[in-house]
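Residue numbering restarts at 1 for every chain, and letters A, B, ... go by the order of the sequence lines.
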Amino acid sequence: MHAHNPYRPDLASIREVVQETANIKTLRVVFEDESVMHNFSFRPGQVAQLSVFGVGESTFVINSPPTRREYLQFSVMRVGEVTQRIHQLNAGDQVGVRAPLGNGFDYENMQGKDILFIGGGIGMAPLRTLLLFMLDKREDYGDIMVIYGARTPHDLCYQYEFDQWQKANVNLVLTVDNEFPGWKERVGFVPTVLSEESPSPHNRVAIVCGPPIMIKFVLFGLKEQGFEDSQIITTLERRMKCGVGICGRCNIGAKYVCVDGPVFSRQQLSEMVNEL
Amino acid sequence: MDTAIKFIAFDQLNSALDRISEQLDVWVPVASKDQKRVIQFAPYRPGMTLVLDHQTTLGPKQVVLPQVEALFRFDYRKSADEPSRQKVQLEDPHPPAPTLIFGARPCDVKGFLVLDQVFSAGPFVDGIYAARREQTLFATMVCGQQDSACFCSSVGSGPTDRTGSDLWITPIAAGYVVEALSDRAHPVMAWLQEAATELHVAAAGKVQEEAARQQVGNLAVDQCQQHFLQRFADTNYWQEVAGQCLSCGICTFVCPTCYCFSITDEMKDKHGERIRSWDSCMFFTYTLEASGHNPRPSRLERYRNRVGHKFSYFPEKYQGLIACCGCGRCIRNCPVSIDIRKAVQNLQGQNHACS
Amino acid sequence: MNSDLRSELHKKAEQAWPDLELLIGWQAGYDDLHTTPVFIRDSAEISKLIWNPWCTQNLAVYVAKHFAASSGKDDKKIGVCVKGCDSRSLIALLQENLVARERFYIIGMPCKGIVDLRKLHALSGAARILSVQVNAEQVALKSAAGVLHFPLDEVLMRKCRRCRYPNPLIHDVLVGDPLTPRTDAHEAYNDVAAIERLSLQERLAFWQGELDRCLRCYACRNACPLCVCQDRCIAETRDPKWLTQYMHLPEKFMFHFIHALHLAGRCTECGECERVCPMEIPVALIKEALNKITLELLDFEAGLDPQRVPPLLTFDAGETGI
Amino acid sequence: MTQSHDNPAHKQALTIVGFLCNWCSYGGADTAGVCRFKQPTDLRIIRVPCTGRMDPLFIARSLILGADGVLVSGCHPKDCHYAVGNLYARRRLEVLKRMLPFMGIDGDRFRYTWVSASEGQRWQQVVTEFSEQIRSLGPNPGVTGKSAAAATA
């Protein structure tokens, strides 16, 4: 980040583009200035503003972990003007990156605990960061369970990594909304699968990210399982512009999602005004 | 160093400003050519007629936070090593020139004290704003004109509030008495030629006293921070105070303390700018997400956020500072005469039956 | 006079109340010179309703939204108070099937004209206005500088001085007696004609000078009862991107030009766009010019006959001359 | 669409934007080309599905930004590929044409006309006439604000 001009991105180039699903691409990006790349540090869960000059900027979580520093990875779902353009980019193309922004996950407080990741669709992206970070420090954490759902098997991101996750002793539960030819894993919505699995809340942290409707029912489900508000972590999305707590739009009450978030515990959310 | 109190006779005002504007960029309140009641700050040019006996339609906010400004420029150029590729070059905006805002009101200056928190208090500092703020001097005039929409005394300011000003102007029968309030004012004082006489100073003292006696507005804002939060979910209340809102941007655009902005890229051919432009929390698109979700979809939520931001969220974040300067512009200019004082005054009290 | 009409309004509102779920009217604003719309959902609040020469807002602006939100449960209607000009906006909404007549109870207010605050302020100069009394055709303005008297006509809004329809063209009940219109259609376009007398260059310079003040606050758009797509406006969409966010003249010019063109054959000349503009840009003139064109070319005036279709929403295969 | 050129020397070449309906006038222009009818070269053609697609915005934007002329051409009335598209269009276009001068933009810089796919000769005539008309009007200053009096006194 530029101290005098927090709106000015650092130039970066795309090293590789991975087509995850029909409308999600993953970009692997390196800063052009080697010293920027070398000195770059961040917490899992922190975000970046990715720009295409002439089109605009959008916010994405850095979904590569801080422990793997050869590139920064972003997964981008095509929904609006900027993401449309990002999807047209190829390896070698230039982008702007302002990072790290936001608070990131409080992983220190998760050490020694069992972890439950619950993700839906593109919502797996922030979870992947923390998951890989934990896998790189596997001994610091207890059981790791991942419940990951998408509409169809084709809508699951990071499929090429599932094997590695499982090899690292991750209990990976995959589910899709409806029956699908050749699909051998679970079928049903994430909240249903959660109640079927019914993981014990004892000494466990649940980290939830996905579409608003999924989050709503998962939070309800977790409550039923006996999870306390402080054991439930989620990430919020808001329309952002500046990313540095100035431009004003991403507030929920006095909190700005861009600097005070995007990671909030359910406890924190319950203390904020209800304007999601 | 010239620390004497100065005097500008009415007929000497332009020649004084001519001298100052040779050294600094000077912004003054002037009436629009065709609509005499539309008064705005504009760069001073010799011969201009200043309007100093009316509050301006738009405060001087735009001098430090222009309605549109470039955050940086970008240019696509052919890459030297790979001619088929375009490489981007970025360029920061030019540093600002020293500027004097002449003839602002205490409420106008109070607005900047609010903006300063947002742009300069961190965690990130907006260097573009901070540099311009650093270069800007305020010659503020004691305020003798209040109307039924003014309420500056209610929000910790008042007609003689000198906080944040560098020079202090008092209009008397013969002209303007000018005092320096900060060290930064001394060069400007030196360019003013006529020293004030004892009579001038005494007359100015009278005007000050008279203005200081004015209690402008009777809104009580203590504890509005908590009262707002208690009122937050009371839909009937917000319907009552802002059901008539048209969701236009007037209140935010004329507000000295509203600063929210949008950032967009504008490009022509291979050159462009990332600009910031005033945005309004009253607009539907302000919080509209690409997915179509909008956390503040209706006018009530947006108005509630505006009140909350000024009277609850802001003081919560910045040591009790209320993000309102009581200038009354939002009330005066609202097409449907929504009164933010009423919205704040009634926060306290029983949750509403649909009255 | 006003107090009689006010009690008549209260009485008629009381009578209608059993059939209403909501009544939209005017109430006192933050001072004597300002009124603000009120949404009455409880008969106890009917006493808040006022009627006087300050009731400036065109309440038809709220009608489409409340119509869309209303369930129409128990056949209850939405009541709305309209002046002559406002009633035309309501008819225009009916013409475009944006609202349904049977869902509304229309309280018509024959109107002698609304006071233009800007004219009052111009008359009082720098002196603060302390009070204003309107008695029949006379106005007494008391300011710090003294009391001024002048004819009411002198301080009426521009739209009122050219008003052809002081009586609501559509109503379920009238408050007060119908009034005689003041001008004929020919004189109504005097202000447009004045601009037309300028040379092309002068007209361009005039509009450039006026529109340059625009802040793009979009109050003119949002106060318009017929600007029904305001949350999806070309002024703000980025895709397609018709306008940049720059404050350059072409952007402002384009916005106002298109805003007016979207109202061609639809604008009912309620003048709200012009009244609400904080920069006092005479934007209603642009729409009046378009209305003059649609009147001459297509023999159509918006907001008169609920059965007629606005001319640009239809066609006539047989028409000649275009 | 083209922004006005600041340098008058560039103005030798005119910028005329032509919006041609896909079914008639675009074919007409093609016919004129195939028949090798000589035409002025100032017209930049944008193909639209129907003149009914013509949002007056396209024309206003072109002229505001300094296009020297705008020509809209479609099927003859009652001959529209979509039956009635051009019947809607002609009302809109006529209203726009009469509106332009009120805002200070010369209405002669805008013309709408009907040319069928077989009328190559007519197309040649329309383009030639319109180009000459625009040439005689000279460059369009657009709405740049440069000639506007300063907003404040």
Side-chain angles (χ1 to χ4, degrees), chain A residues 1-11 13 32 49 51-58 77-85 92-96 98 101 211-212 236-260 272-276, chain B residues 71-72 74-76 79 82 85-90 92-93 118-119 122-131 228-229 232-233 258-267 270 272 274 276 279 281 285-296 301 304-305 308-309 312-317:
Chain A
M1 297 288 290
H2 294 256
H4 62 290
N5 186 351
Y7 311 107
R8 180 181 171 151
D10 286 301
L11 294 175
S13 59
E32 290 185 352
Q49 288 276 8
S51 38
V52 182
F53 299 99
V55 183
E57 238 179 358
S58 266
M77 184 156 86
R78 195 179 60 227
V79 279
E81 186 200 4
V82 176
T83 50
Q84 189 91 26
R85 184 72 188 88
D93 286 343
Q94 232 176 356
V95 289
R98 288 194 291 139
L101 304 169
L236 293 182
E237 264 196 86
R238 276 280 150 127
R239 182 166 190 218
M240 290 180 198
K241 284 285 182 182
C242 76
V244 291
I246 297 178
C247 85
R249 78 195 58 232
C250 68
N251 75 305
I252 299 174
K255 300 280 184 219
Y256 285 93
V257 172
C258 66
V259 289
D260 301 311
M272 284 152 64
V273 301
N274 181 15
E275 197 174 68
L276 301 175
Chain B
L71 299 171
F72 58 85
F74 52 84
D75 294 278
Y76 280 94
S79 159
E82 250 184 303
R85 249 178 220 296
Q86 305 270 346
K87 288 281 174 194
V88 176
Q89 291 192 351
L90 304 184
D92 280 325
V118 179
F119 289 94
F124 293 90
V125 173
D126 181 321
I128 300 168
Y129 173 92
F228 171 82
L229 297 174
F232 187 85
C258 272
Y259 58 84
C260 294
F261 56 86
S262 183
I263 300 177
T264 49
D265 282 17
E266 308 294 356
M267 180 162 73
K270 297 289 171 197
R274 182 158 294 168
R276 78 156 131 229
D279 205 342
C281 57
T285 49
Y286 179 67
T287 47
L288 179 66
E289 292 164 18
S291 65
H293 175 66
N294 194 339
R296 295 197 276 268
E301 287 115 9
R304 178 177 68 187
N305 182 67
H309 190 178
S312 180
Y313 310 154
F314 204 91
E316 180 181 337
K317 207 166 153 71

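For Lys255(A), the NZ atom counts as loosely surrounded, since its 6.0 Å shell holds 12 or fewer non-hydrogen atoms of other residues, nucleotides or ligands. Atom CD of Glu237(A) sits in a sparse spot, with 12 or fewer heavy atoms from other residues, nucleotides or ligands closer than 6.0 Å.
Contact between Pro9(A) and Leu90(B) at its shortest, heavy atoms only, is O-CD1, 3.5 Å. The shortest heavy-atom contact between Ile263(B) and Cys242(A) is CD1-CA, 3.8 Å. Residues Val88(B) and Gln94(A) come closest through the heavy atom pair N-OE1, 2.6 Å. Annotation for Lys241(A) and Ser262(B): closest pair CE-OG, 3.5 Å, computed over non-hydrogen atoms. Closest approach of Gly248(A) and Cys260(B) over heavy atoms only: CA-SG, 3.8 Å. Here the closest heavy-atom approach between residue His4(A) and residue Asp92(B) is recorded as NE2-OD2, 2.7 Å.
Proximity of Phe232(B) to Glu275(A): side-chain heavy atoms (C-beta onward) are separated by under 4.5 Å at one or more points. Using a 4.5 Å heavy-atom cutoff, the side chains of Tyr129(B) and Ile246(A) are not in contact. Residues Arg274(B) and Ser51(A) meet the side-chain proximity criterion, which asks for heavy atoms closer than 4.5 Å. Under the 4.5 Å side-chain criterion, counting only non-hydrogen atoms from C-beta, Val273(A) is not in contact with Ser312(B).
Considering only residues two or more places apart in sequence or on other chains, Asp10(A) meets the salt bridge (charged side-chain N to carboxylate O under 4.0 Å, His left out) condition with none of them. In terms of the salt bridge (charged side-chain N to carboxylate O under 4.0 Å, His left out) criterion, Asp260(A) has no residue partners (sequence neighbours excluded).
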Just do the side chain to side chain contact (heavy atoms under 4.5 Å, CB included) check on Met240(A) and Glu289(B) with the steps written out, would you?
CA-CA 9 Å; Met240(A) 290 180 198; Glu289(B) 292 164 18; over 6 Å; no
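Ranked by heavy-atom pairs under 4.5 Å with chain A, the list Pro295(B), Ala290(B), Pro315(B) is led by Pro295(B). With chain A as the partner, the residue from Val125(B), Leu229(B), Thr264(B), Asn294(B) showing the most heavy-atom pairs under 4.5 Å is Val125(B). In terms of heavy-atom pairs under 4.5 angstrom with chain A, the leader among Met267(B), Lys87(B), Arg304(B), Glu301(B) is Lys87(B). Between chain A and the residues Phe119(B), Tyr286(B), Phe228(B), Phe74(B), the most heavy-atom pairs under 4.5 angstrom are made by Tyr286(B). Of the listed residues (Glu266(B), Arg276(B), Lys270(B)), the one with the most heavy-atom contacts under 4.5 Å to chain A is Arg276(B).
The aromatic rings of Phe72(B) and Phe53(A) sit perpendicular to each other, their planes meeting at more than 60°, with 30° as the lower class boundary.
Contact annotation for Leu236(A): neither backbone nor side-chain heavy atoms come within less than 4.5 Å of a heavy atom of chain B. With a 4.5 angstrom heavy-atom cutoff, Val79(A) touches chain B via backbone and side-chain atoms both. Using a 4.5 Å cut-off between heavy atoms, Glu32(A) contacts chain B through its side chain alone, with no backbone atom that close. At a 4.5 Å heavy-atom cutoff, the contact between Gln86(B) and chain A is made by backbone atoms alone.
Arg249(A) places a side-chain N or O within 3.5 Å of a backbone atom of Phe261(B) that can act as its donor or acceptor partner. Within the 3.5 Å criterion, the main-chain N or O of Leu71(B) finds a donor-acceptor partner in the side chain of Asn5(A). Of the possible polar contacts, none joining the Glu316(B) side chain to the Ala254(A) backbone as a donor-acceptor pair under 3.5 Å is found.
For Arg296(B) and Asn251(A), the side-chain atoms include at least one donor-acceptor pair closer than 3.5 Å. Of the N and O atoms on the side chains of Arg239(A) and Thr285(B), not one donor lies less than 3.5 Å from an acceptor on the other residue.
The pair Arg85(B)-Asp93(A) counts as a salt bridge, with a side-chain nitrogen and a carboxylate oxygen less than 4.0 angstrom apart.
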